[in-house]
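Structure first, commentary second.
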Amino acid sequence: MITDGHQAINPDRVFALVVGIESYDISHKWDLPGAVRDAVRFAQWLTGTAGVPDEQVKLLLSPLERTRQEISLGHHLTPTQENVERVLFKELPACDGDLLWIYWAGHGYLDPLHQMLLPYADATADWMAHLNMEAALRWWKGAAGPTDERFRRQIAIADACRVDARTEKRLNFGNMDYGARQPDPKRRQLTLYASHTGEVAQNLADRGAGQFTDTLLRRLSTTSLDETVHGLVGIARSLQADLQLLRAKGLAWQHPQFVIDRDWIGSTIFGDRWTDPDAAKPAASRLDQRAWKELGPLLMGRKASAHTHDAYRWAFDITGCAFLAYRGLPPGGLLAIAHDLDARQGRQGDMPLVLPFIRYLAARSADPGWADEADAWVDATRKRLDSAPVPVPPEPDPEPPGLHVQLAEDAESDVWYWVCIWLYHGGRFETIWESERPLALAEVKARLTDQLLAQRSGQPMRIEFHVPYGLLEEEFESWRLPIGRRRKEVELGRHYEVLVRCPDERDGVAGEIWRRKWQWFKAHGGNDPKAVHELGDGDVCDDLGVYLQASEPPVCVLAEVSEGRIAQALDAVLDAGIPIAVWPRRGAPAPSRGALAAALAGEGPTQDALLTVSPDVGRFPALLRTLRITSPQGPANGEPRSLLPLALMWDDPERVPERRRLS
C-alpha cells in the first residue's frame, strides 16, 4: 500500500514509549487524575487500531489508587528517572524500527530556553528529576552512524502544561542534557504540544481525562496507523480547530501547537511534508542576496515599532504557517526578526514570510517616507522572485469612544476635587464638561451621570479616571449611578470598562521609563510571557521599583499582595514606570500565588496551585469588565466566581489630554 507517494507504515516496525503520571512522590498536591487513563487509552489505540505489537509499546504508569481500581493497567513499569531513561536511551535505540512514538501525560514546565521539562514520578523538591523533552529529541535526531537507517520518523506528543519553571523558586530542576549526536537530516520529527507557552493544559475532572488527549483520540479512533502518520499535520490542524470551537463555547482554554523539526540554532521550523526526508527544507521560497542587501539599510537601527508582533503573526497567517508555540518575538531587532521568518517553513511555497511582515509594518508606520520605501522593497522583491502578491494588511480595529475624567486635588481641601471630562473619539479629545469649583465625590458622580445619559453619537465604552495618588484606593469600578432603565442604579464596572490612571505621578526619570515600556508593549503585544510580573508579599521591598525598571519588560504587574502591602507595591509600580497593574481592592483577601494570573487568562481554578499561566495583557480592560459580571446561576461548586473586587491601572501615555491645572 502506498500513501501520498510514500511507502506504507509497517506496524511491526513501530515502537513507542507511553508515560502517564497521576501520582508524584513530591506531594499529594501534585495528583493529576486522568493522566494514567489517557496514557492507557493512547497505548490501546497503538496496539488496537494502529496494530502495533503489544511488546513494542513500553508503558510506564504512576496511577492514583482509585485509577488502579477502576481500570485494567496491564503490565507496566513505574516512570522513575531510572526506568524512563533506560527505556528511552538504551532499550528503544537498540530496537530495529522505522517509527518511534513518545507520548507523555503529566505535569510540565519550561526552562529559560523554552525546553519542556517533564518531572518523573520520583521527583522531589530538592531534586526535580525530569525528562528534558527537547534535549531528548535532539539526541534522537542524531544517528548512531552514517549507515543507521532506523527510526527515520519520530513523533512526540506531550499532554502537559507549559508553565515557566522559574516561578517555582523552591523547586530545583537543574540541567538535563543527553549529549546530542550529529543530527541526521533524514530523521524527521514532529512534536505536538497540548498548549501554548505559558498555558496550563486543561484536565476534565468529570471524564478523568485531559482535554487535549480526549480530543486527539476522537480524531484517531477511526484512523489507521498509515493515515495517521502521513496525515499527522492535517490531524494537528484539525485538532487546533476542534479546540478553537471548544474555546468559543467556553469549554476549553488551551491552544495546541505542533513543531516540525528545528533548525541548526534550535529554532522551530514548521511545514507540512514532515514524513518525506527529501522535503527537509523550507517549503516557502527564501529571500535572495540582493533582497537582504536592500533590506539591511531599511531595517538597520530601527527599533521594533508598534504592531511588530502583529506583523510577525500575520506573516504566519498569510502563508498558512502554524504560529510558533512561543508567543513572544524572537530576540534581536527587526533584522533579526526578518532572518527568523526567512528560516520558517510555510504552506504557500511562493511567498517568503518576510514580505508580508514588512508590508504590515509599512501599513502601520507613522513615518510615511519609510513606509513608501518599505512598500517599494516588497513590490520589487516580489516581482524579482516571482512571488505571489502580498495582500493589503487588515485595518486595525477602531478604538471605541471613551470618557476621560480628570480629578485634580484642591489646594485647600483633601476631599474636594477640580474636575474635567473629555470624550475621546476618532483619535482626538473633546472637552465636554469642566467644573467651576472643586467638588466632593458625590457631586462628581452626579456630573458623570449627566454625561453618561447625554445623547450623543458614539456612546462611550470605557471610562478612564485620571486621579492623584491618594485616589488610587477609590473603587471607581464599584460606583453605582442611576443610569439604567427608569434611573435604576448600575454598577459602573459591570457596564463599562473602568480603569484608573495616575499621569501626575509619571514625572522625573519614571516618565521616560513609562513611555519606553509602553512602546515595548505596543511592539511586542500582550501575549509575550515577559510582559507580566507577578508580585507576592515576599517580593515587595524598597528596591522593587529599581528592579522592575531595569529593562523594557515587564509592562504589567499583577499584585497578589495583602492589604498592608498594596501601597508599597503601587509605589514600586509608579517608580518603575509600569503602565499596567492589577491589584485587589481593600478588604479583599490576597489572591494565592498564580490565582490572579489564572483568572485573567480565562482559567478556572486548577488542581495544582503550583501551576501558573500567562494572560493576554491587551485584553485586560474588557476582561475585567467580564469578570465583574456575576453569573445568574451564582458561583459554581460553592467557590467564588472570581477574585473580585480588582482594580486595573491602564496608563497609556499616548492617550493623555492636554495636561493643565484645573484650579
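Residue indices begin at 1 and follow the sequence shown.
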Task: Residues forming a side chain to side chain contact (heavy atoms under 4.5 Å, CB included) with A306, sequence neighbours excluded - done: K522
Open item on the list: Can you confirm whether the side chains of D159 and T213 place a donor and an acceptor under 3.5 Å from each other?
Closed with: yes
Open item on the list: Surrounding CE of M176 (heavy atoms of other residues, nucleotides or ligands, distance under 6.0 Å), is the total greater than 12?
Closed with: yes
Task: Separation of L287 CG from R384 CZ (nearest 0.5 Å) - done: 8.5 Å
Open item on the list: For W139 versus L88, what's the shortest heavy-atom pair and its separation?
Closed with: CZ3-O, 4.5 Å
Open item on the list: Looking at D226 and I9, would you say the former's side chain and the latter's main chain have a donor-acceptor pair under 3.5 Å?
Closed with: yes
- [ ] For S195 and Q254, work out which heavy atoms get closest and say how close.
- [x] CB-CB, 4.0 Å
Open item on the list: Could you check whether W650 and F620 have their ring centres less than 6.0 Å apart?
Closed with: no
- [ ] Inspect the surroundings of CZ in F89 and state if more than 12 heavy atoms from other residues, nucleotides or ligands are less than 6.0 Å away.
- [x] yes
- [ ] Taking all heavy atoms of S365 and all of W370, pick out the closest pair and write down the distance.
- [x] OG-CE3, 3.7 Å
Open item on the list: Return the CD to CG distance between Q202 and L243, rounded to the nearest 0.5 Å.
Closed with: 8.0 Å
TODO: Using modelled atom types only, decide if a donor and an acceptor are shared between the side chain of R187 and the backbone of Q154 within a distance under 3.5 Å.
DONE: no
Task: I157 CD1 to M133 CE distance, which is reported to the nearest 0.5 Å - done: 9.5 Å
- [ ] Side-chain contact test, heavy atoms from C-beta onward, threshold under 4.5 Å: evaluate it for V617 versus D528 and give yes or no.
- [x] no
- [ ] Go through D651 and W518 one step at a time and tell me if the side chain to side chain contact (heavy atoms under 4.5 Å, CB included) criterion holds.
- [x] CA-CA 9 Å; D651 217 347; W518 189 264; over 6 Å; no
Open item on the list: On a heavy-atom basis, which atom in A374 and which in L298 lie closest, and how many Å separate them?
Closed with: CA-CD2, 3.7 Å
Task: Crowding at CD, E395 (>12 non-hydrogen neighbours, <6.0 Å) - done: no
Open item on the list: With rounding to the nearest 0.5 angstrom, report the CH2 to CE distance, W104 to M116.
Closed with: 10.0 Å
- [ ] Quick one: pull up CZ in F357 and CD1 in I318 and give me the separation to the nearest 0.5 Å.
- [x] 15.0 Å
TODO: Any chance you could lay out the side chain to side chain contact (heavy atoms under 4.5 Å, CB included) test for Y109 and M128, step after step, and finish with the verdict?
DONE: CA-CA 11 Å; Y109 291 88; M128 187 55 55; 5.8 Å; no
TODO: For the pair K383 and D379, find out whether any cationic side-chain nitrogen is under 4.0 Å from an anionic carboxylate oxygen.
DONE: no
- [ ] Check A156 against L137 and note the closest heavy-atom contact, atom names and distance.
- [x] CB-CD2, 4.0 Å
Task: CD/Q244: more than 12 non-hydrogen atoms of other groups inside 6.0 Å - done: no
Task: Distance, nearest 0.5 Å, that separates CG of D242 from CG of L246 - done: 7.0 Å
Open item on the list: Under a 4.0 Å threshold between the charged nitrogen and the carboxylate oxygen, would R138 count as salt-bridged to E134?
Closed with: no
Open item on the list: Please give me the minimum heavy-atom distance between I513 and A576, naming the atom from each residue.
Closed with: CG2-O, 3.1 Å
Open item on the list: With a 4.5 Å cut-off on side-chain heavy atoms, are D184 and R152 touching?
Closed with: yes
Task: Heavy-atom side-chain contact between R219 and S238 under 4.5 Å - done: yes
Open item on the list: Are F521 and P579 packed together at the side-chain level, in the sense that at least one heavy-atom pair is separated by less than 4.5 angstrom?
Closed with: no
Task: Beyond-backbone contact of F151 with P93, side-chain heavy atoms, under 4.5 angstrom - done: no
Task: Donor + acceptor pair across side chains of Y193, R162 (<3.5 Å) - done: no
Task: Under 3.5 Å donor-acceptor, R382 side chain and S387 backbone - done: yes
TODO: Verify side chain to side chain contact (heavy atoms under 4.5 Å, CB included) between F258 and L232, making sure each step is shown before the conclusion.
DONE: CA-CA 10 Å; F258 68 93; L232 193 55; over 6 Å; no
